[in-house]
Amino acid sequence: MKKPVSRWLLVTAVASTLALPGLASANSEVEALSKNPDNWPVWGGNYTGQRFSELDQINTSNVKKLQPVSTFSTGVLRGHEGGPLVVNGVVYIHTPFPNIVYAISQDDQSIIWEYKPEQNEQETLPVMCCDTVNRGLGYGDGKIFLQQSDTTLVALDAKTGKRVWAVRNGDPKLGQTNTNSPFVVKDKVLTGISGGEFGVRGFIAAYNTKDGTLAWKAYSVGTDAHIKVDPKKTTSMGKPVGKNSSIDSWEGDQWKIGGGTTWGWYSYDPDLNLVYYGSGNPSTWNPVQRPGDNKWSMTIWARDADTGVAKWVYQMTPHDEWDYDGINEMVLADQKIDGKTRKTLVHFDRNGFGYTLDRESGELLVAEPYDMALNWADKVDMRTGRPVVSEQYSTEANGEDENTTDVCPAALGFKNQGPVSYSPRTKLFYIPGNHLCMDYEPFEIEYTAGQPYVGATLSMFPAGRDAMTGRKDGSTNLGQFTGWDATKGKMVWSHKEPFSVWSGVVSTAGDVVFHGTLEGYLKARDAKTGKELYKFKTASGIIGNVNTWSYKGKQYVGVLSGLGGWAGIGMAADLEGDTEGLGAVGAYKALGSFTKLGGVFTVFALPN
């Protein structure tokens, strides 16, 4: 039985620090900038993705005095994800489509320069999934890098805004778009691709920062040459992946439309010369139509920065049946586990498990739920690395056109794309969380290039819904904010939020943690206890990343407000049906009573 495509997919057309001494390349500048907390030159503050600042002017004693000191309207009403970059005293911000870039003076808040791309709206917007968001800018080699929605990667002169070069990274006619933040490593800028809901085959591409020529490209699924694995040397769970590891896990040529897109965040360890990132869900969402493990979708990748060849891979959710998109950030931190300091990678997946791996070897060290409502799997088998799936919540076992109910987490995940923060002072990770479950009904769908290729109907609701088997607590909170010990896989504390915490987090040497809320609050919490110390209601819901920097001796905190994204798609795209927005609309209907649309950049500081 075939069902009509969700109106949400069509309505978008209408509205839609790790050092390496002496490295003579673009990232030597980025390394130097990131060592000075006056700057915020990378999405994660530095290459580790820790989103921690050494600034301590704002601390637990005085944060209650924080106040807004400037606001700036972006002129765009859709969802504002990502956050500001600050480089040598200049603030750079971006918007969702049409992807305007502003360079702003901190002396008088004037616009130094503005870049507004020319894009084909009719061609691009209909194939943008989950709102028309953009997750931010990249910096390196004296250039600001913008990944436009239409897949054009642009290099702008950081001082003048003049376009230095541009290259096309994909084709919207095939359902390909871009939403990720470009990431500069050595003399290359890395970017991915979006479009898993359109049967796009994911890849990571490295372009030379000087002129935009392609240095290397590696797919998530396909032949060994396509995905850049060495069958004898690339490992998974300590063993070589073997020949044809990807295509042998798909039926026929399904891998050619297999998803595994790469629209998330990238991290880098210069000592190991490895880039880390995650690949997304396989296509279609109907698991019955794609037998096999569907490698290497839903995978953590460690690739050589120079060649793109994978050193190791770890697939978190083989044969994903729930759209547990694996693109969430990879945080690099050296931590003591069982008395030994390990170079770790920590990842909080949408599937609800918090993973700690050795980032050099790919060894799985910890895999534990970071929300106890998780029920789709009983545990992760530490020997094989595979989740032990509960048949009751298997959408494939229940079959096409059958509704699998009360699956936890929902496809949004217990954490979506908003990045966590790690404080080396408290040794805790701070997780902006969702607390949702879902009903999931797969249906048969045919692939047509450039058309939606979803194949499932979803509805979402709070994890405490009374109908929930064994959890009849009646709680209605959709969000939570959690302090997590990644060495043990244990929750240290957690605080409920009425709506999902969709924003990125930043922690500081002042032992303060900042995050935003969907209602629009900027909140400050005690890094040790999570206790709320301050909040301020901004102009719109916050799905952007909170960042911090210093200018002329004063610490600032800045965030983009602007409701949208998957959680806010109902308001952003004017949707009303509970199952619209791929199931998100019904869960967030009450949000409209607390905030409205509007793109505003707000900066906070202590009074003089």
Side-chain angles (χ1 to χ4, degrees), residues 1-3 6 196-197 199 221 246 248-252 254-255 257-260 279-299 314-326 349-353 367-369 371-414 434 436-447 453-461 463 465 467-472 579 582-583 587:
M1 176 181 177
K2 296 180 181 178
K3 299 186 179 182
S6 167
E197 283 61 58
V221 300
S246 177
D248 283 355
S249 70
W250 294 82
E251 186 174 76
Q254 285 185 325
W255 58 269
I257 51 173
S279 56
N281 56 284
S283 300
T284 160
W285 287 18
N286 180 357
V288 178
Q289 291 185 228
R290 46 172 173 78
D293 277 356
N294 310 135
K295 295 175 180 177
W296 293 100
S297 65
M298 306 300 300
T299 295
Y314 170 63
Q315 189 176 35
M316 297 164 288
T317 315
H319 187 60
D320 174 33
E321 304 175 41
W322 310 269
D323 183 42
Y324 291 150
D325 207 335
D349 198 65
R350 271 171 40 179
N351 70 12
F353 285 98
E368 295 290 341
D371 186 318
M372 297 314 296
L374 185 150
N375 65 14
W376 70 273
D378 298 327
K379 64 178 181 179
V380 172
D381 184 318
M382 296 301 291
R383 182 182 63 85
T384 64
R386 297 179 70 94
V388 180
V389 177
S390 170
E391 187 170 350
Q392 177 181 353
Y393 302 108
S394 167
T395 66
E396 180 174 60
N398 290 326
E400 288 181 340
D401 303 317
E402 295 296 328
N403 198 19
T404 302
T405 60
D406 298 326
V407 182
C408 304
L412 290 171
F414 282 145
N434 308 316
L436 287 90
C437 302
M438 67 177 172
D439 297 341
Y440 192 111
E441 182 178 351
F443 59 86
E444 182 184 351
I445 189 169
E446 294 180 358
Y447 172 76
Y453 188 53
V454 178
T457 300
L458 281 64
S459 60
M460 304 183 194
F461 40 82
R465 183 172 86 165
M468 184 67 62
T469 303
R471 278 180 296 280
K472 296 182 180 180
T579 61
L582 294 177

For Glu251 and Pro291, the nearest pair of non-hydrogen atoms, with its separation, is OE2-CG, 3.8 Å

### Task
State whether the side chain of Ser279 and the backbone N or O of Thr299 hold a donor-acceptor pair below 3.5 Å, judged by distance alone.
yes

Under a 3.5 Å distance rule, please check whether Asn403 uses its side chain to pair with a backbone N or O of Thr405 as donor and acceptor. no

Rounded to the nearest 0.5 angstrom, the CE-OG1 distance for Met438 and Thr579 is 14.0 Å

When rounded to the nearest 0.5 Å, the distance separating CG of Asp293 from CG of Asp320 is 11.5 Å

All heavy atoms of Thr404 vs all of Thr395, minimum pair found to be OG1-CA, 3.5 Å

Heavy-atom closest pair (Val221 atom, Trp255 atom, distance to 0.1 Å) is CG2-O, 3.3 Å

With heavy-atom distances below 4.5 Å as the criterion, would you say the side chains of Asn375 and Ser390 are in contact?
no

Check: Ser297 side chain, Gly259 main-chain N or O, donor-acceptor pair, under 3.5 Å = no

Any donor-acceptor N/O pair, Asn286 side chain to Ala456 backbone, under 3.5 Å: no

Nearest heavy-atom approach of Leu374 to Pro409 is CG-CD, 4.5 Å

Q. side-chain contact (heavy atoms from CB on, under 4.5 Å) between Asp406 and Phe461: does it pass, once the steps are laid out?
A. CA-CA 9 Å; Asp406 298 326; Phe461 40 82; 3.5 Å; yes

Practice problem: Taking the side chain as every heavy atom from C-beta outward, state whether Pro282 and Trp250 have any pair of such atoms under 4.5 Å apart. | Solution: yes

dist Trp285:CH2 -> Leu458:CG (nearest 0.5 Å) comes out at 5.5 Å

Test: Arg350 and Asp323 ion pair at under 4.0 Å: yes

Worksheet item: Would a distance-only check, ignoring hydrogens and angles, find a side-chain to backbone donor-acceptor pair under 3.5 Å from Glu396 to His319?
Response: no

When rounded to the nearest 0.5 Å, the distance separating OG of Ser249 from CD of Gln254 is 10.5 Å

Under 4.5 Å between any side-chain heavy atoms of Ile257 and Arg290, yes or no?
no

Side chain Gln289, main chain Ile445, donor-acceptor under 3.5 Å: yes

So do Trp376 and Pro387 actually touch side chain to side chain, heavy atoms under 4.5 Å?
yes

Heavy-atom side-chain contact between Glu197 and Asn281 under 4.5 Å:
yes

*Do Val389 and Trp322 come close enough that some side-chain heavy atom pair is under 4.5 Å?*
yes

For Ser246 and Lys295 the tightest heavy-atom approach is OG-O, 2.5 Å

Note: Leu412 and Asn434 closest approach over all heavy atoms is O-ND2, 3.5 Å

dist Asp378:CG -> Tyr393:OH (nearest 0.5 Å) comes out at 10.0 Å

